[in-house]
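Below, chains carry the letters A, B, ... as their sequence lines are ordered, and counting in each starts from 1.
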Amino acid sequence: MADTSVDLNQRIWQVVASIPPGEVSTYGDVARFAGLPGAARRVGYALRQLPPGSKVPWHRVINSQGRISLPAGSAGEYTQRERLEAEGVRVCGGKVALGRFRWQP
DNA sequence: TATATGACGGACG
DNA sequence: GCGTCCGCCATAT
């Protein structure tokens, strides 16, 4: 376990942190930009390991459907929704207002 | 080494 | 638009 996982998580978090405020991105795009094309699931794993209080704006990461992947009604889903709206992102019924940020169009 | 899991993605009906 | 199935990667056990 060790450096590989740590380095990988750090890289993913760094990519997530590069998302500008008010914009959102998808797991697939983050994975691709982190050098792991197709490893969208790995991104979710990394975010799950993300400790509370970290400065990583994980709430800006959503799935390709433009929806919050966390279970509706859960604390994480609520936090993410609140933070997104706090940045000016409109969330309707768990659906994030499109216009997501892209590194490589 | 093999099996199961997950904050996913895309294809299909 | 919605629910289901298969495929993807890396970890955990």
Side-chain angles (χ1 to χ4, degrees):
Chain A
M1 347 203 284
D3 35 286
T4 334
S5 58
V6 176
D7 184 58
L8 196 48
N9 287 343
Q10 294 262 340
R11 172 156 32 196
I12 293 174
W13 298 338
Q14 184 177 336
V15 173
V16 175
S18 69
I19 304 174
E23 297 292 322
V24 292
S25 188
T26 67
Y27 294 89
D29 282 357
V30 172
R32 190 160 61 120
F33 199 75
L36 299 165
R41 290 186 94 122
R42 182 63 272 263
V43 176
Y45 204 88
L47 292 182
R48 187 175 73 103
Q49 294 174 78
L50 205 55
S54 90
K55 306 161 235 199
V56 181
W58 56 268
H59 53 273
R60 293 180 192 147
V61 184
I62 58 178
N63 58 22
S64 61
Q65 302 176 79
R67 289 185 176 280
I68 296 176
S69 302
L70 297 166
S74 67
E77 187 271 338
Y78 184 79
T79 303
Q80 181 165 17
R81 196 198 327 164
E82 288 293 301
R83 285 195 177 189
L84 285 175
E85 293 200 359
E87 294 184 352
V89 180
R90 225 39 122 89
V91 183
C92 301
K95 186 159 49 191
V96 179
L98 279 311
R100 28 190 210 168
F101 170 68
R102 330 193 84 189
W103 288 276
Q104 310 176 29

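When the nucleotides C:dC8, C:dT11, B:dG9 are ranked by their closest atom to the side chain of A:L8, C:dT11 comes out on top.
Nucleic acid contact for A:Y27: base, since at least one base atom lies under 4.0 Å from a heavy atom of the residue.
The shortest side-chain heavy-atom distance between A:S64 and A:Y27 does not fall under the 4.5 Å cut-off.
Across all strands shown, C:dG7 is found opposite B:dC8 as a Watson-Crick or G-U wobble partner, with both distances under 3.5 Å.
Ion pairing between A:E87 and A:R83 fails under the 4.0 Å rule for side-chain N and carboxylate O.
Remark on DNA chain C: of its neighbouring residues A:Q49 and A:R41, the 5'-side contact belongs to A:R41, judged by nearest-heavy-atom nucleotide. The residue among A:L36 and A:K95 whose nearest nucleotide of DNA chain C is located toward the 5' end is A:K95.
Geometrically, A:R48 engages A:Y45 in a cation-pi contact, judged by NZ or CZ lying under 6.0 Å from the ring centre and within 45° of the ring axis.
Heavy atoms from other residues, nucleotides or ligands lying under 6.0 Å from OH of A:Y78 number 12 at most.
A straight line from CZ of A:F33 to P of B:dC8 spans 22 Å, rounded to a whole angstrom. When rounded to the nearest whole Å, the span between CZ of A:R42 and C1' of C:dA12 equals 11 Å. Atom pair A:Y45:OH and C:dC9:P shows a separation of 17 Å (rounding to whole Å applied). Following rounding to the nearest Å, A:R48 (CZ) and B:dC8 (C1') show an atom-to-atom distance of 14 Å.
In this structure, A:S54 contributes its side chain and A:L50 its backbone to no donor-acceptor pair below 3.5 Å. Remark: the backbone N or O of A:I19 is paired with a side-chain donor or acceptor of A:R60 at under 3.5 angstrom.
Within residues 50-74 of chain A, no residue approaches DNA chain C, by heavy-atom distance under 4.0 Å.
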